[in-house]
There are 2 protein chains.
Amino acid sequence: MSYRTDILNAATKLFAERGFKDTSIVDLSRLSGAAEGTIFHHFKTKEEILVQLLRKVKDDILHEVSSKIQRNGTGLMLVERTVELFLMLSETMEYEFLLLFRNYPYQLASINPECRQSIEEIYNCFLDLLIEGIEKGQSDGTVRICKPFRMGIIIFSMVIGIVRFKIFHLYPVESCYSDILESCRRMLR
Amino acid sequence: MSYRTDILNAATKLFAERGFKDTSIVDLSRLSGAAEGTIFHHFKTKEEILVQLLRKVKDDILHEVSSKIQRNGTGLMLVERTVELFLMLSETMEYEFLLLFRNYPYQLASINPECRQSIEEIYNCFLDLLIEGIEKGQSDGTVRICKPFRMGIIIFSMVIGIVRFKIFHLYPVESCYSDILESCRRMLR
DNA sequence: ACAAGTCCCGAGTGAGTACTCGGTTTGTTT
DNA sequence: AAACAAACCGAGTACTCACTCGGGACTTGT
């Protein structure tokens, strides 16, 4: 039982709530209970904490997606399931999503390419599912003829936008979920 | 001819490109040509620069909106014009939009309530136009029966998401503009 | 000419930062 | 129990940051 996981947990919380730059090692030390020296015993630099944290978040989310997404049914159903899953995960994995949205692409992209890559893999995972669903839907007749990539981008940006509104408490959107799915169907049919 | 505007111009560029926290007074001094002391002669604190900057951005955008938006025509047309205007402004006022998207609601919200208020006014300006268009459209028959606020939120989040993708070069979206308008129509009709 | 005021300068200040280092504790192996 | 390594500690270091201060230059009104 080392402080390693305590430090990562503290980092998840603080990086998500305040962002990377606004969290100091002293903050991490206080919240995790580990001395500053201990933190640098487990992680070479502050940046290294973020890199490992994001790698873990990426693994968790990709695992969650691959275990929850079912590919039976129509293409339109796959799109709907992807949207629903994203909305659901943004609640069950709130801190992880907060972390993604708060730190990207603002500080992160320039800080570290590995961070950026982790986050892009997460983004692409969902976008690819949407595109796959649209293409499949065009084969089975549940989706109209349109450019899959473009419509995937549009739907994805809509869902991300909604989640951002919710996570940062800008507008109340919980009541919109059914309207979002209905909007997707209308856009694609 | 004082350094005041030079400092604000430098701040617009640097806060937009790097964010508030990642821009130092030395950076501002170098880019504007004004000595550090001169910066603090014109602005009480670094935060004060941001406050005044955002107030100006808000005024500029609200003025642009009120001068460009025409209310003749159907409700659906008002929605489409609002979306088009937002997309257009995100190009003609690129730095200002970058500034909005980079700094909100991450560092800003907690830093200063006046900053937050400026940005919320900008957001609400567009959202209110969308809602107005939807309600008007429901009267004149160009928009189906739905909750105006919810659909306004959904359309707004879609447009913001697209602009974010573009501004940060995450995905190529320039080609999507006509699809976005088409999607709006399908969602509302 | 002189006083007042604005603009400007940049070295200096103190607080905070990420990170280091020498040494202590704890756990494991033999 | 002795030996070794991993985990842990916190004072110390070098650096960056926003901000101050005392004074110089230029403009304006009297």
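To find a chain, count down the sequence lines: A is the first, B the second, and so on, and within it residues start at 1.
Using a 4.5 Å heavy-atom threshold, the side chains of B:Arg189 and B:Thr142 count as separate.
A:Lys21 forms no cation-pi arrangement with B:Phe20, by the criterion of a distance under 6.0 Å to the ring centre and an angle within 45° of the ring axis.
When the P atom of D:dT16 is taken as reference, atom CG of A:Asp22 falls 19 Å away, rounded to whole Å. Residue B:Glu47 contributes atom CD, which lies 18 Å from atom P of D:dC17 at whole-angstrom precision. The NZ atom of A:Lys21 sits 11 Å away from the C1' atom of D:dC17 (whole-angstrom rounding). The distance between atom CZ of B:Phe40 and atom P of D:dG22, rounded to the nearest whole Å, is 17 Å. Atom OH of B:Tyr3 is separated from atom P of D:dA25 by 16 Å (rounded to the nearest Å).
Judged as a side-chain hydrogen bond (donor to acceptor under 3.5 Å, both in side chains), and not counting sequence neighbours, B:Asp128 has no contacts. Under the side-chain hydrogen bond (donor to acceptor under 3.5 Å, both in side chains) criterion, B:Glu94 pairs with no residue at all, not counting sequence neighbours. Legend: residues meeting side-chain hydrogen bond (donor to acceptor under 3.5 Å, both in side chains) with B:Tyr3, ordered by chain and number and at least two apart, are absent.
A:Gln52 and A:Arg4 share a donor-acceptor pair across their side chains, judged by distance under 3.5 Å alone.
Residue A:Thr12 holds its OG1 atom at 11.0 Å from CG of A:Leu98, rounded to the nearest 0.5 Å.
Listed by first and then second residue, the side chain to side chain donor-acceptor pair (under 3.5 Å) pairs that reach into residues 71-80 of chain B are B:Arg71-B:Glu132, B:Asn72-B:Arg81, B:Glu80-B:Arg185, sequence neighbours excluded.
Residues from residues 25-36 of chain A with heavy atoms under 4.0 angstrom of DNA chain D, sorted by number: A:Ala34, A:Ala35.
Both A:Gly37 and A:Ser24 sit near DNA chain C, but only A:Ser24 has its closest nucleotide nearer the 5' end.
First and last contacts of DNA chain C with chain B, using any nucleotide atom under 4.0 Å from a protein heavy atom and ordered 5' to 3', fall at C:dC7 to C:dG10.
For D:dC8, the OP1/OP2 oxygens have a side-chain nitrogen or oxygen of A:His42 closer than 4.0 Å.
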